[in-house]
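Some notes on the structure that comes next.
Just so you know, residue 1 is the first one in the sequence shown, and it goes up from there.
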Amino acid sequence: MDSTNRLGDIDITDPQAMRALAHPVRLAILDRLHRHGPATATDLAPDVGATPSVTSWHLRHLAGFGLVRDSEPGPDRRRRRWEAVARGFRFETPLDPADEEGRSAARVLSRQMFQRTADLPARWAAEVEPTLDPAWSRAAGLADTRVVVSPEELAAIEDGIERVLAPYVTRDPAERPADGRGVRLLRYALPEGAEEQTGPTS
């Protein structure tokens, strides 16, 4: 697994690593480490819905696949601190139809990630949006755009989005604006099934 893409994510290609990550506690651990930086199993436990000992077990499992690692010791050197190895992660469904193991693992991880974020927009609309200043409310929102493209064109769209995002994702924290705040960008690219291709194309 090599972090080579412009967003600084780690590319997961090993089907076993995909299956290891396809667990709600492990996804929650990575999300917490990505958002807040290094932490101990005890620090993580309340946010990931597991006891410190179970969280520690999941951390060691993630470490075995190179997704987390030991961080610099904190004030209490007796407590093991962990950090994510990269800003985020990415994976792809293998192109080879014969690679059933890889395709199945990518499908399992995708489903777990969809389930993890399924209610996030509704919770944001109910709990967060009413508290935002008008400028933030105006800038927030969603889009539901249908396009007719080839697989190569869809890949080019995703690449273009990453090009726009990269400078903001990778810039030094000291360069962030004083009035900046975290923004969650959920990107779904959902090719339609064959049965949906009849009728209007625009």
message = Please determine whether side-chain contact (heavy atoms from CB on, under 4.5 Å) holds for the pair Arg79 and Asp43, giving the CA-CA distance in whole Å, both sets of side-chain angles, and the decisive distance to 0.1 Å.
response = CA-CA 10 Å; Arg79 301 175 68 201; Asp43 296 331; 3.6 Å; yes
message = Show, in sequence, the C-alpha distance, side-chain angles and deciding distance for Arg60 and Trp82, and conclude whether the side-chain contact (heavy atoms from CB on, under 4.5 Å) test is met.
response = CA-CA 10 Å; Arg60 293 193 301 274; Trp82 299 86; 4.2 Å; yes
ask   = Do Met113 and Phe91 come close enough that some side-chain heavy atom pair is under 4.5 Å?
value = yes
remark   = Val68 and Leu59 have their tightest heavy-atom pair at CG2-O, 3.4 Å
message = Does any part of the side chain of Leu132, heavy atoms only, come nearer than 4.5 Å to the side chain of Arg181, both counted from C-beta?
response = yes
inquiry  = I'd like to know if the side chain of Ser150 reaches the main chain of Glu153, judged simply by a donor and an acceptor atom lying under 3.5 Å from each other, with no hydrogens or angles considered.
reply    = yes
task = Test side-chain contact (heavy atoms from CB on, under 4.5 Å) on Asp70 and Arg80 and set out the steps.
result = CA-CA 7 Å; Asp70 283 308; Arg80 188 175 187 182; 2.6 Å; yes
request  = Of all the heavy-atom pairs spanning Ala39 and Leu33, show the shortest one and how long it is.
outcome  = N-CD2, 3.9 Å
note = For Pro15 and Glu101, the nearest pair of non-hydrogen atoms, with its separation, is CB-CG, 3.8 Å
ask   = Looking only at heavy atoms, what is the nearest atom pair of Ile10 and Gly66, with distance?
value = CD1-O, 3.8 Å
request  = With sequence neighbours excluded, give me every salt bridge (charged side-chain N to carboxylate O under 4.0 Å, His left out) pair touching residues 85-99.
outcome  = Asp11-Arg90, Arg90-Glu162
task = Take Arg116 and Asp31 through the test side-chain contact (heavy atoms from CB on, under 4.5 Å) and record every step on the way to the result.
result = CA-CA 11 Å; Arg116 176 168 169 73; Asp31 182 60; 3.2 Å; yes
note = The complete set of ring-ring contact (aromatic ring centres under 6.0 Å, His included) pairs with one or both residues in residues 93-117, sequence neighbours excluded, reads Phe114-Tyr188
Side-chain donor/acceptor pairs under 3.5 Å, residues 164-175, sequence neighbours excluded:
| unit_1 | atom_1 | unit_2 | atom_2 | d |
| --- | --- | --- | --- | --- |
| Thr170 | OG1 | Ala166 | O | 2.8 |
| Asp172 | OD1 | Ala174 | N | 2.8 |

message = On a heavy-atom basis, which atom in Thr93 and which in Ala106 lie closest, and how many Å separate them?
response = OG1-CB, 3.8 Å
query = Does any pair with a residue in residues 123-138 pass side chain to side chain donor-acceptor pair (under 3.5 Å), and if so which ones, sequence neighbours excluded?
reply = Asp119-Arg123, Glu129-Ser137
message = Show every side chain to side chain donor-acceptor pair (under 3.5 Å) that has at least one partner inside residues 16-25, sequence neighbours left out.
response = Arg19-Ser104
query = Counting distance only, does the side-chain N/O of Ser56 pair as donor-acceptor with the main-chain N or O of Pro52 below 3.5 Å?
reply = no
task = Keeping the roles fixed (side chain from Arg81, backbone from Glu72), state whether a donor-acceptor pair exists under 3.5 Å.
result = yes
inquiry  = For a quick test of reading the model, state the closest non-hydrogen atom pair linking Gln112 to Ala22 and the distance between them.
reply    = CG-C, 3.9 Å
key: Partner set under side chain to side chain contact (heavy atoms under 4.5 Å, CB included) for Val54, not counting sequence neighbours   = Ala50, Thr51, His58
ask   = Where the side chain of His36 meets the backbone of Arg32, is there a donor-acceptor pair that is under 3.5 Å apart?
value = no
